[in-house]
Protein chains: 2
Amino acid sequence: MDKQAAGSQSRASPRQLRRTTIDDIARAAGLAKATVSRALNGRDEVHPTTRERVLQTASELGYVPQAAAHALRTGRSRCLGLLLPSVQWPWLVDVLQGVADAVSDAGYTLLLFSTAKGEQTEREFVAKVLPSRPMDGLLLIVPPGLIPSIRDLAAHGLPVVVVDDRGHPAELPSVSSANHQGALLATRHLLGLGRRRIAVVAGPMDYGCCRDRLSGYREALDEASVAFDPSLVVDANFTMAGGRTAVASLVARDPTIDAVFAMNDLMAIGAMDVLGDRVPTEVSVVGFDDIAAAELTRPQLTTVHQPLYEMGQTAVSLALDAIEGGTTVQQNVMLPTRLVVRDSCGGQQGDQ
Amino acid sequence: MDKQAAGSQSRASPRQLRRTTIDDIARAAGLAKATVSRALNGRDEVHPTTRERVLQTASELGYVPQAAAHALRTGRSRCLGLLLPSVQWPWLVDVLQGVADAVSDAGYTLLLFSTAKGEQTEREFVAKVLPSRPMDGLLLIVPPGLIPSIRDLAAHGLPVVVVDDRGHPAELPSVSSANHQGALLATRHLLGLGRRRIAVVAGPMDYGCCRDRLSGYREALDEASVAFDPSLVVDANFTMAGGRTAVASLVARDPTIDAVFAMNDLMAIGAMDVLGDRVPTEVSVVGFDDIAAAELTRPQLTTVHQPLYEMGQTAVSLALDAIEGGTTVQQNVMLPTRLVVRDSCGGQQGDQ
């Protein structure tokens with residue numbers, strides 16, 4: 001049974017969320033609207049203490065300034081923000097290109113924020129960048145730690161769309177791919193080749209995408225009446241080095257392993273490094289993502305294709321719906337995945 | 001002789017370029033400054049004909065609006081723009097991460113513009129996006145066709161920095177890497193292995209980087225008293241497919257070829273695809289860039305390492321110098337390259 005049907009969409013009823021205005025700040029701070037406006041625009045006439053009070057109140061209320069200066073006609077900034085961990089993650093590149101093209105097609109501008117430098121960048125983004133930056137909406141590929149702050153912003157009327165399921169709250173609009181289905185197809189393929197001791201090289205289990213990939217794997221085992229063995233599941237944190245280490249220690253302690261299902265291509269490539277000439281005759285390897293590098297390895301990597309470019313485009317279109325409709329529509333779009341069969345499992349080639 | 005010494009910098013004397021102001025527009029349009037300001041800020045009190053006249057004049061003068069709305073303290077937008085052809089070009093990812101990190105470290109925001117959809121996106125960027133977007137400076141990785149428009153903007157006081165040498169005018173500040181030196185090292189390495197029939201898989205020769213890589217190749221041949229044979233130079237437009245096609249037809253018509261120097265890694269990988277098991281024993285292959293994929297091929301690719309991340313960081317720092325110094329400093333920074341020896345040429349491993 002495929003619980004996450006390809007291309008399924010769930011739409012809840014629209015929920016109007018009002019953006020915090022200068023009026024709200026004036027009321028909360030007990031000041032005239034003109035004073036608040038002058039303080040927010042950094043004019044000199046406002047006493048420093050008053051300005052501090054205004055900025056403090058604005059921050060507490062989650063005020064997001066409109067970009068008046070470049071809203072020549074529309075009164076909107078026509079900017080979309082994209083927050084992502086690192087552009088050097090190979091699968092993110094395709095999502096980013098999809099976002100960039102769709103933003104440009106819509107006549108918007110893209111503000112890019114990378115938190116590659118870790119938690120400090122994340123905190124600064126929430127504390128300083130977000131409140132002072134003009135954007136009509138925000139797309140997020142985030143570590144779960146940032147979610148509470150982001151939820152606050154969304155509650156104050158900034159349209160927010162989450163790309164990829166990394167444990168975000170269900171009430172935020174999101175775009176993901178059919179992770180359960182992809183893992184199901186990959187594992188069925190391995191079982192169909194006669195593999196029975198299928199190791200799972202996993203990512204962090206607090207990410208929804210990883211939980212779904214594990215559940216797809218388990219469903220395929222169930223179908224084939226193969227018992228689930230938790231000792232075959234190892235975490236490698238989505239990196240190639242992690243994949244190498246995890247698979248090296250796994251095959252050292254369990255020589256019966258005849259296949260590896262890695263939850264991303266980088267870990268699969270790491271696994272292939274360790275397994276060497278044993279791939280694909282003795283051990284089959286399958287990845288997840290279908291990054292450009294999957295065609296560069298020898299043997300070429302069999303993997304689950306995620307429609308990454310389309311995920312980026314769809315995220316933009318959800319954000320624009322919310323911005324231009326003036327409402328925040330709760331909407332979780334799931335795009336289909338498919339298995340691309342290359343050489344790393346043995347057997348025939350093609351899409352499944 | 002190494003004409004482009006590693007890490008060399010040339011600095012001309014600073015040249016003050018004044019930014020077009022609202023005063024300039026008012027004078028040119030014969031209107032009051034307050035009227036121009038109201039028109040530019042999209043207020044309703046201005047007659048539509050007047051507003052058109054203001055916008056027209058602003059455009060003619062190359063006016064770049066300051067982002068008043070989010071310049072809470074500084075009076076600057078604290079935004080840097082980055083225009084690039086596509087984030088899916090592998091070498092660009094590292095430049096982009098360097099730019100993103102440096103922009104964030106400086107407390108600035110990054111506006112990202114991709115012209116992946118071709119000339120129409122480029123024209124729209126120049127005609128619509130640039131005049132209406134608030135940015136304190138612009139970093140460019142551009143097709144040469146855009147250069148005239150960009151030069152106009154720079155002349156009107158928008159700090160512009162060009163990354164990578166693609167035939168830009170010398171008066172724009174730029175960051176590049178030592179292309180001549182890299183090609184010299186790569187070709188010397190091939191000659192040192194006894195290769196004499198070294199094919200060049202080239203990129204577009206209107207790019208300065210390609211001309212410099214060719215001159216480095218020729219200098220190494222001269223040093224070794226090997227005659228330059230123009231029939232060994234083929235263009236493959238920087239793509240993997242181009243590399244495949246070019247090398248396939250080259251080896252078909254000239255079976256004496258014993259090495260390939262490709263002007264980027266993608267074309268080198270395409271060459272290796274075609275040459276198969278002949279690499280590295282019969283034919284050596286060397287690339288240029290050192291993208292992440294260079295370690296994924298088998299044999300791993302020997303290539304010229306460009307300091308891509310550092311090029312991104314340096315471009316930001318040049319732009320910030322111009323912005324925060326208030327002057328446009330003509331400055332062309334060249335960062336060093338080095339040869340990373342892996343397995344695709346035969347011989348020993350390591351950096352050279």
Side-chain angles (χ1 to χ4, degrees), chain A residues 39-42 51 55 65-75 77-79 81-82 84 86-90 92-94 96-97 99-101 103-105 107 109-117 121 124-125 128-129 131-135 240 269 273 292-293 295-299 309, chain B residues 39-42 51 55 65-75 77-79 81-82 84 86-90 92-94 96-97 99-101 103-105 107 109-117 121 124-125 128-129 132-135 240 269 273 292-299 309:
Chain A
L40 289 175
N41 286 294
R51 182 187 297 173
L55 294 179
Q66 297 280 14
H70 45 124
L72 291 183
R73 289 186 308 275
T74 62
S77 75
R78 299 189 77 79
C79 281
L82 172 63
L84 43 72
S86 165
V87 297
Q88 288 169 311
W89 291 9
L92 273 178
V93 166
D94 295 335
L96 175 56
Q97 190 67 55
V99 168
D101 288 348
V103 164
S104 160
D105 284 350
T109 299
L110 180 62
L111 300 172
L112 184 72
F113 306 98
S114 160
T115 56
K117 292 202 157 185
T121 357
E124 280 184 13
F125 178 77
K128 294 187 192 167
V129 179
S132 68
R133 285 302 146 194
M135 57 186 100
M240 203 186 305
I269 293 170
D273 268 355
E295 291 191 89
L296 300 180
T297 58
R298 294 293 175 274
Y309 183 88
Chain B
L40 289 174
N41 285 292
R51 181 187 298 175
L55 294 180
Q66 298 280 13
H70 44 125
L72 292 183
R73 287 186 308 275
T74 63
S77 74
R78 298 189 77 79
C79 281
L82 173 63
L84 43 73
S86 165
V87 296
Q88 289 169 310
W89 291 10
L92 273 178
V93 165
D94 295 335
L96 175 55
Q97 189 67 56
V99 168
D101 287 347
V103 164
S104 160
D105 284 350
T109 299
L110 180 62
L111 300 171
L112 183 72
F113 308 97
S114 161
T115 56
K117 293 202 157 182
T121 357
E124 280 183 14
F125 178 77
K128 294 186 192 168
V129 179
S132 68
R133 285 301 146 194
M135 56 187 101
M240 203 186 307
I269 293 170
D273 269 356
E295 291 191 87
L296 301 180
T297 58
R298 295 294 175 269
Y309 183 88

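Just so we're on the same page: letters track the sequence lines, and every chain starts at 1. Below, all heavy atoms of this structure are taken into account, side chains as well, without hydrogens, waters or symmetry copies. These numbers were taken from a predicted model, which means no experiment stands behind them.
The contact between L96(B) and chain A is made by backbone and side chain atoms together, counting heavy-atom distances below 4.5 Å.
With respect to chain A, the highest number of heavy-atom pairs below 4.5 Å among A293(B), S104(B), S86(B) belongs to S86(B). When each of A100(B), S114(B), G81(B), A292(B) is scored by its heavy-atom pairs under 4.5 Å with chain A, the top score falls to S114(B). Interface remark: of the candidates V103(A), L82(A), D105(A), D105(A) forms the most heavy-atom pairs closer than 4.5 Å to chain B. No other option in L92(B), D94(B), I269(B), T297(B) has as many heavy-atom pairs under 4.5 Å with chain A as D94(B).
For D101(B), there are no salt bridge (Lys or Arg N to Asp or Glu O under 4.0 Å) partners two or more places apart in sequence or in a different chain.
Rounding to the nearest 0.5 Å gives a distance of 6.0 Å between CG of L111(A) and SG of C79(B). Interatomic distance, D273(A) CG to R298(B) CZ, rounded to the nearest 0.5 Å: 5.0 Å.
Contact between V87(A) and Q97(B) at its shortest, heavy atoms only, is N-OE1, 2.7 Å.
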